[in-house]
Amino acid sequence: MDEFSRLSLHVPEPAVRPGGQPDFSNVKIPKAGSVPRPEVDVAPEEIRDLAFSIIRVLNREGEAVGPWAGLLSDAELLAGLRHMMMLRAFDARMLMAQRQGKTSFYMQHLGEEAVSCAFRRALRKGDMNFPTYRQAGLLIADDYPMVEMMNQIFSNESDPCHGRQLPVMYTSKEHGFFTISGNLATQYVQAVGWAMASAIKNDTRIAAGWIGDGSTAESDFHSSLVFASTYRAPVILNIVNNQWAISTFQGIARGGSGTFAARGLGFGIPALRVDGNDYLAVYAVARWAAERARRNLGPTLIEYVTYRVGAHSTSDDPSAYRPKTESEAWPLGDPVLRLKKHLIVRGAWSEERHAQAEAEITDEVIQAQKQAESHGTLHAGGKPSVRDIFEGVYAEMPPHIRRQRQKAGY
Amino acid sequence: MARMTMIEAVRSAMDVSMARDENVVVFGEDVGYFGGVFRCTQGLQAKYGKTRCFDAPISESGIVGTAIGMAAYGLKPCVEIQFADYMYPAYDQITQEAARIRYRSNGDFTCPIVLRMPTGGGIFGGQTHSQSPEALFTHVCGLKVIVPSNPYDAKGLLISAIEDPDPVMFLEPKRLYNGPFDGHHERPVTPWSKHELGDVPEGHYTIPIGKAEIRRKGSAVTVVAYGTMVHVALAAAEETGIDAEVIDLRSLLPLDLDTIVQSVTKTGRCVVVHEATLTSGFGAELVSLVQEHCFYHLEAPVVRVTGWDTPYPHAQEWDYFPGPARVGRALTEVMEA
């Protein structure tokens, strides 16, 4: 008789499926203000704990507490609140536009607004993001024209991408926003390359790579950490852990590792986890990482612990794979409501002003939408020229593409 | 002017480019201190410093991905993939990123990178050091694909590639690194030092991408070839005595269709030769174009001579490698058709 039994495969499952009671008891949440703030030149091995904890600033009473607090003025926080509200309103309108057939597809940020909006504030003009499809807040927080975003979504005659890209796959060199790829994780290592180039040229600019929790399983994620670590590239490597990679829960990509942030430890990269629904905490950690990069201290890995409240995209139905009430049970709350509460506690905001701001922002978004729609939507109005199909594949059009363009009648 | 091997010519192209433009950087596995497994980058790190010529981790996707990021920043990375066979982990970065960044961003971002990689067989490299993956790249819009056949072209084309604003795949036939191999494996290789195309100017010059070169004038049949197969085709023409015109494509994408069409219109016959496997190889594209543009001038079906549709074998390399005998049989076949 063999001493070993037959083998069996372990396939992780989330704690709850549709119809069950949401359960986030596995998310260990430290008290706001309880995680120390090390110096930026700290040795990575001295802050290993930060890869397993969660840095938080806003407590349940709406107060900013602890060593990561106190970095932003009222005016800056009010601007941050406005950016998040703009992004939320923008999402709502574009989601509706997709349902009305004005575009093919949309991806919203509901619940994750703080991550990109607060992060952008830690960067400077000239820095470069290599984002995924869920960081439009980087553009909104940098005052990129909303009409241009809508033109891109509608693939209309004013679309900066000339109708060649899926909706929400924006591009803006001027606003530090690298052209988005639908292939996952590819941009992460490109961010490292951009940062290496900046270091090669003895520049002062830094780069930021973005990835979702699911895509950390891609080999490019690991390549990125190798290159960032090897060359000490001035890059911030962001992992947005929103719990769900379409229908696949984060435990599938995470495997046996304690956290996504912990993956940085094996590469000697300082790794921190932060409350992704806490605007102040996100900003504080991003600023810490940016300072490290600017001081030539190398890369930082940040895991934003958040929750994707909306569907993955307009093609997704989350009720098929998770309890409908799960988002309400998310223990880190709503980023907009938390910052709003904080500002009210500080005496810098009120319910009345918030309601008024909401109305103003909604109106602003509607006006932008009207303007964008005057240039056309996917199936109506102005469109990019068919000639644009053939342009821009190369700097100079080669003969074979010219022949095809002529054959097409353009 | 100096007599150079193709290795020296490739190195000279990088040297000249790095001296002229401080944004040109060279990196890849073993290319820094050691100078590359074929020594193509030897001396560049000593001359330009280790931030302009450096070793990379063994991660092809990482190498190409970081090169793309560097190009987005404004550098001009000239990257070595140690063997073309190792390119596959980077295929996503090459074909879906580098190739499309200009298009998808409407020129907001561009990707002026060069990916150099030794290709082809004839060195007993077995299945994983002998591949000719050019067709995998010529099918991708946004890339340029170059295969030089001699030191003079290699240098001029590589400088053009480095100065090109778009991503260029630069496939170096490793069997030609030291001499113009004509497929006769039983004979010693004639070194480039005894060949006029080994005469390479030491300074800057370019050869335009997208222009083929007629290596041998003839009126009976057109042989379309590139890389090592140019020399095999020339040997076959000499040995059969058939008055073949041999076109060296040099650039597969963009392709010099005019030169092919003019030649086949004149000769009425065509043989396409490449080392890569037959099915869906680049030869299929060439035959299709000849059929489309020269149909009423053809006096015989167009014939392909290629590697077999199998992985590249180790021990039977010379039965796989298309040599002058196989090309000669094809020439005879089209002449007798």
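By convention in this document, chain letters (A, B, ...) are assigned in the order of the sequence lines, proteins followed by strands, and residues within each chain are numbered from 1.
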Chain B heavy atoms under 4.5 Å from A/Phe221: which part of the residue, side chain, backbone, both or neither? neither
Test your reading of the model: is there a side-chain donor-acceptor pair from A/Arg292 to the backbone of A/Leu297, 3.5 Å cut-off? yes
Heavy-atom distances under 4.5 Å only: say whether B/Pro57 touches chain A with side chain, backbone, both or neither. both
Residues of residues 68-83 of chain B with any heavy atom under 4.5 Å of a heavy atom in chain A: B/Ile68, B/Gly69, B/Met70, B/Ala72, B/Tyr73, B/Leu75
Start with the C-alpha distance between A/Tyr231 and B/Phe54, add both sets of side-chain angles, then the distance that settles ring pair (Phe, Tyr, Trp, His ring centres under 6.0 Å), and finish with yes or no. CA-CA 10 Å; A/Tyr231 301 108; B/Phe54 53 91; 5.3 Å; yes
Are there residues of residues 201-209 of chain A that reach to under 4.5 Å of chain B by heavy atoms, and which ones? A/Lys201, A/Asp203, A/Arg205
Side chain, backbone, both or neither: which part of A/Asp159 has a non-hydrogen atom closer than 4.5 Å to chain B? neither
Among A/Ile153, A/Val168, A/Thr314, whose side chain to side chain contact (heavy atoms under 4.5 Å, CB included) with A/Met94 holds? A/Ile153
Can you check whether B/Asp15's main-chain N or O pairs, donor with acceptor, with B/Tyr48's side chain at less than 3.5 Å? yes
Backbone N or O of B/Gly35 within a donor-acceptor pair of the B/Thr41 side chain at under 3.5 Å? yes
So which part of B/Asp55 gets closer than 4.5 Å to some heavy atom of chain A, the side chain, the backbone, both or neither? backbone
Assign the ring pair A/Tyr144 / A/His175 to parallel, tilted or perpendicular, where the plane angle (0 to 90°) is split at 30° and 60°. perpendicular
Heavy-atom cut-off 4.5 Å, strictly under: side chain, backbone, both or neither for B/Leu257 against chain A? side chain
Any idea how A/Tyr394 and A/His400 line up, ring-wise: parallel (<30°), tilted (30 to 60°), or perpendicular (>60°)? perpendicular
For B/Tyr103, is the NZ or CZ atom of A/Arg164 found under 6.0 angstrom from the centre of its six-membered ring and inside 45 degrees of the ring axis? yes
